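Structure first, then comments.
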Amino acid sequence: MKKLIESKWEDILSLLETQYDISSIMINTWIRSLKIYECKDNTVYFYVDEKLGENAVKFLHRKEFDLFLLSSIRETLNDSNIDIVIDEKKNFVSESEESTKTVTMTDSYKEAISRSNLNPKYTFDTFIVGDSNRHAHATCLAVADLPAQDNFNPLFLYGNSGLGKTHLMQSIAHYILQKDDKTNVLYVPSETFTNEIIDAIRNHTTNEFREKYRKVDVLLIDDVQFIKDKDSTQMEFFNTFNTLYNDKKQIILSSDRPPKEIKTLDERIISRFECGVPIDIHEPDYETRMAILKNKAEMDHLTGIPDEVFVYIAENVTNNIRELEGALNKISVYSKLMSEKVTLETAKYSLKDIINKDTNVSITPDLIIKTVSEHMGVSEDDIRSKKRSQDIATARQVVMYLCREHTVLALKSIGNAVGGKDHATVINGITRVEAKMAEDPAFKSTIDTLVKKLNPNN
């Protein structure tokens with residue numbers, strides 16, 4: 001039966017997509033990599049790739065993908081008696097086999113991550129998946145498994161600082177190197193890329209620079225928004241991008257906002273960014289924040305922290321994973337310095353300078369609409385409506401502008417937030433607000449006041 005299923009595997013996956021409406025991203029990420037361990041008593045035992053681990057098993061069960069897979073297998077093989085079991089690979093191999101595999105790849109793998117400029121901790125295994133980043137995580141896994149596919153090249157991750165973009169980018173690189181540590185992978189912040197171009201021009205070593213960047217198999221550039229306003233950098237980046245793309249090499253980029261909203265970026269570069277997959281990452285929800293904190297505590301061996309402390313941090317630090325983990329570190333350091341047991345009281349005291357009732361308010365479209373509604377005297381319903389009176393239209397345009405400036409939403413999402421306005425309407429609204437701010441000091445003062453209300457601590 002094993003050989004029969006393996007021979008029909010593509011037919012089974014095709015049926016999953018066409019009949020059960022499971023996206024190709026989900027199939028490529030979670031299902032395609034399943035392997036058959038054995039077939040016994042009419043039951044097929046699958047294991048997941050160990051790189052995906054226990055979370056993959058839980059995800060497959062929670063989303064009922066295992067049931068869809070079972071139905072597709074039964075239908076393809078025309079056998080209703082087949083059953084399946086999906087588990088982790090570690091349950092199907094001996095401890096000696098796993099330890100041997102780890103030992104044999106350690107030295108070369110360490111060398112590979114060092115020359116690629118990767119953080120050893122930034123892997124898929126240490127990334128906490130929640131509703132805010134599930135789509136991004138699944139897409140990154142798909143890219144890692146099949147790099148340089150047309151639909152996923154370039155991969156463009158965007159979102160506010162501290163939400164895990166760098167972690168996900170480097171997780172892809174780690175995954176690729178785990179499969180083949182001879183792959184030429186290079187991760188650089190955009191500032192490093194820019195500085196190397198400046199040095200190359202000054203020292204007449206542009207050929208060496210190009211040789212370095214245009215011979216890689218996977219190029220990852222972080223915070224690409226910082227190449228704006230730098231003509232030499234943009235030109236070199238544009239040519240490097242084209243060379244790698246034409247050579248079928250994987251390009252992975254990150255930014256704090258979508259391509260079209262990186263001001264002064266060359267239109268040719270924007271069009272290159274948008275030809276692949278732009279994926280946004282949002283602020284983590286409460287459940288994800290709790291999972292991140294507990295995972296951080298486990299990884300750093302921070303013991304004896306009561307659940308109420310985790311709850312206190314998760315409820316008060318809401319916007320930024322980096323700040324979330326920083327708060328936990330601060331509590332731990334304070335406890336050690338003062339030789340005190342971690343309690344809710346010590347947590348509140350040690351975090352008093354970063355947590356108060358106004359700190360870390362998540363700026364969302366709903367909050368912006370509510371704030372504009374209260375300040376400008378226009379109801380929230382009217383802002384979301386199709387009404388076009390001057391006061392309502394102005395309030396709606398202000399909401400669009402503030403959403404563009406203070407969230408990571410794409411223009412289409414901003415339009416949806418104010419009642420389903422199209423892309424052109426949103427651009428026009430933002431432009432009108434910017435123009436009015438430039439010519440009307442009183443109106444600009446209104447915008448400044450709204451910004452302070454949205455984020456009173458900045």
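Everything quoted here is computed from the prediction, not taken from an experiment.
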Shortest non-hydrogen pair, Val372 vs Ala395, comes out as CG1-O, 3.8 Å
Tell me whether the NZ or CZ atom of Arg268 lies within the 45° cone about the ring axis of Phe238 and under 6.0 Å from its centre. yes
Minimum heavy-atom separation for His375 and Thr449, please, with both atom names. CE1-CG2, 3.6 Å
Salt bridge check, Lys182 against Asp217: does any charged N sit closer than 4.0 Å to a carboxylate O? no
CG (Asp180) and OH (Tyr175) are apart, to the nearest 0.5 Å, by 13.0 Å
Please confirm whether the backbone N or O of Lys248 pairs with a side-chain atom of Asn153, one donor and one acceptor, at under 3.5 Å? no
When you measure from the centre of the six-membered ring of Tyr47, is the NZ or CZ of Lys35 closer than 6.0 Å and no more than 45° off the axis? no
Flag the pair Asp300 and Lys296 as a salt bridge only when some basic side-chain nitrogen lies within less than 4.0 angstrom of an acidic carboxylate oxygen. yes
How close do Leu118 and Ala173 get, heavy atom to heavy atom, and via which atoms? CD1-CB, 3.6 Å
Do the side chains of Ser116 and Leu186 get nearer than 4.5 Å, heavy atoms only? no
For Lys452 and Asp448, run salt bridge (Lys or Arg N to Asp or Glu O under 4.0 Å): C-alpha distance rounded to whole Å, both residues' side-chain angles, the deciding distance at 0.1 Å, then the answer. CA-CA 6 Å; Lys452 288 180 181 178; Asp448 291 342; over 6 Å; no
Between Lys179 and Asp145, does any NZ, NE, NH1 or NH2 come within less than 4.0 Å of an OD or OE carboxylate oxygen? yes
Side chains of Tyr187 and Asp222: is there a donor and an acceptor less than 3.5 Å apart? yes
Taking atom CG of Asp223 and atom OG of Ser254, what is their separation to the nearest 0.5 Å? 5.0 Å
Keeping the roles fixed (side chain from Gln250, backbone from Ala148), state whether a donor-acceptor pair exists under 3.5 Å. yes
Kindly state whether the ring of Phe193 and the ring of Phe209 have centres lying under 6.0 angstrom apart. yes
Within the distance-only criterion (no hydrogens, no angle test), does the side chain of Asn133 pair as donor or acceptor with the backbone N or O of Ala136 below 3.5 angstrom? no
Going through the checks in order, is the side-chain contact (heavy atoms from CB on, under 4.5 Å) test met by Lys444 and Lys436? CA-CA 8 Å; Lys444 185 179 185 303; Lys436 192 170 182 179; over 6 Å; no
Are the side chains of Leu253 and Phe273 in contact, using a 4.5 Å heavy-atom criterion? yes
Take Asp422 and Val426, measure what side-chain contact (heavy atoms from CB on, under 4.5 Å) needs, and give me the verdict at the end. CA-CA 6 Å; Asp422 61 26; Val426 175; over 6 Å; no
Ala291 and Ile128: which non-hydrogen atoms are nearest, and at how many Å? CB-CG2, 3.6 Å
Donor-acceptor under 3.5 Å (Asn239 side chain, Met235 main chain): yes
Return the set of residues passing side chain to side chain contact (heavy atoms under 4.5 Å, CB included) with Glu439 (not counting sequence neighbours), or none when no residue passes. none
Would you indicate whether the side-chain heavy atoms of Ser373 and Ile383 approach each other to under 4.5 Å? yes
Can we say Glu374 and Lys370 salt-bridge, meaning some charged N sits less than 4.0 Å from an Asp/Glu carboxylate O? yes
side-chain contact (heavy atoms from CB on, under 4.5 Å) evaluation trace for Phe124 with Ile172: CA-CA 8 Å; Phe124 284 122; Ile172 298 173; 4.0 Å; yes
So does Asp285 pair up with Arg289, basic N to acidic O under 4.0 Å? no
Scan side-chain atoms only and decide if Gln178 and Tyr109 contain a donor-acceptor pair under the 3.5 Å cut-off. yes
Under 3.5 Å, is there a donor-acceptor pair between the Asn195 and Thr192 side chains? no
So, are Asp107 and Lys110 salt-bridged, with charged N and O less than 4.0 Å apart? no
Where do Ala327 and Val317 come nearest, in terms of heavy atoms and distance? CB-CG2, 4.4 Å
Ser332: partners by side chain to side chain contact (heavy atoms under 4.5 Å, CB included), with sequence neighbours left out: Leu302, Lys336
Heavy atoms of other groups near Arg210 CZ, more than 12 under 6.0 Å: yes
Atom OG1 of Thr183 and atom CG of Asp181: how far apart are they, to the nearest 0.5 Å? 7.5 Å
Report yes or no: does Thr123 contribute a side-chain atom to a donor-acceptor pair with the main-chain N or O of Ser171 at less than 3.5 Å? no
Exam field: side chain Asn117 to backbone Val188, donor-acceptor pair closer than 3.5 Å: no
Donor-acceptor pair, distance only, cut-off 3.5 Å: does the side chain of Lys165 make one with the backbone of Gly162? no
Flag the pair Leu220 / Gln170 as yes when at least one side-chain heavy-atom distance between them is below 4.5 Å, and no otherwise. no
With salt bridge (Lys or Arg N to Asp or Glu O under 4.0 Å) as the test, would you mind laying out the steps for Glu380 and Arg384 before giving the verdict? CA-CA 6 Å; Glu380 294 181 37; Arg384 294 188 177 95; 3.7 Å; yes
Step-by-step side chain to side chain donor-acceptor pair (under 3.5 Å) determination, Ser413 to Asn416: CA-CA 5 Å; Ser413 298; Asn416 290 338; 5.1 Å; no
Kindly compute the distance separating CE (Met169) from CG (Asn119), expressed to the nearest 0.5 Å. 13.0 Å
Which pair of non-hydrogen atoms, one from Val216 and one from Leu244, has the smallest distance, and what is that distance? O-CD2, 3.6 Å
Closer than 3.5 angstrom, by distance alone: can the side chain of Thr371 be matched with the main-chain N or O of Leu454 as a donor-acceptor pair? no
From Phe241 CZ over to Ile269 CD1, what is the distance, rounded to the nearest 0.5 angstrom? 9.5 Å
Do the side chains of His167 and Thr126 get nearer than 4.5 Å, heavy atoms only? yes
Could you go through Leu168 and His137, starting from their C-alpha distance and side-chain angles, then the distance that decides it, and tell me whether this counts as side-chain contact (heavy atoms from CB on, under 4.5 Å)? CA-CA 7 Å; Leu168 273 178; His137 178 262; 4.1 Å; yes
Point-to-point distance, once rounded to the nearest 0.5 Å, from SG of Cys140 to NE2 of His135: 9.5 Å
With respect to Leu219, which candidate in Thr240, Ile252, Asn184 satisfies the side-chain contact (heavy atoms from CB on, under 4.5 Å) definition? Thr240
Of Pro189, Ser190, Ser255, Pro154, the residue whose pairing with Ile221 passes side-chain contact (heavy atoms from CB on, under 4.5 Å): Ser190
Flag the pair Arg404 and Glu434 as a salt bridge only when some basic side-chain nitrogen lies within less than 4.0 angstrom of an acidic carboxylate oxygen. yes
Is the gap between the ring centers of Tyr401 and Phe443 under 6.0 Å? no
Is Glu196 salt-bridged to Lys212, going by a charged N under 4.0 Å from an acidic O? yes
Any donor-acceptor pair under 3.5 Å linking the side chain of Thr205 with the backbone of Glu208? no
Quick check against the 3.5 Å criterion: does Thr431 have a side-chain atom that pairs as donor or acceptor with the backbone of Ile427? yes
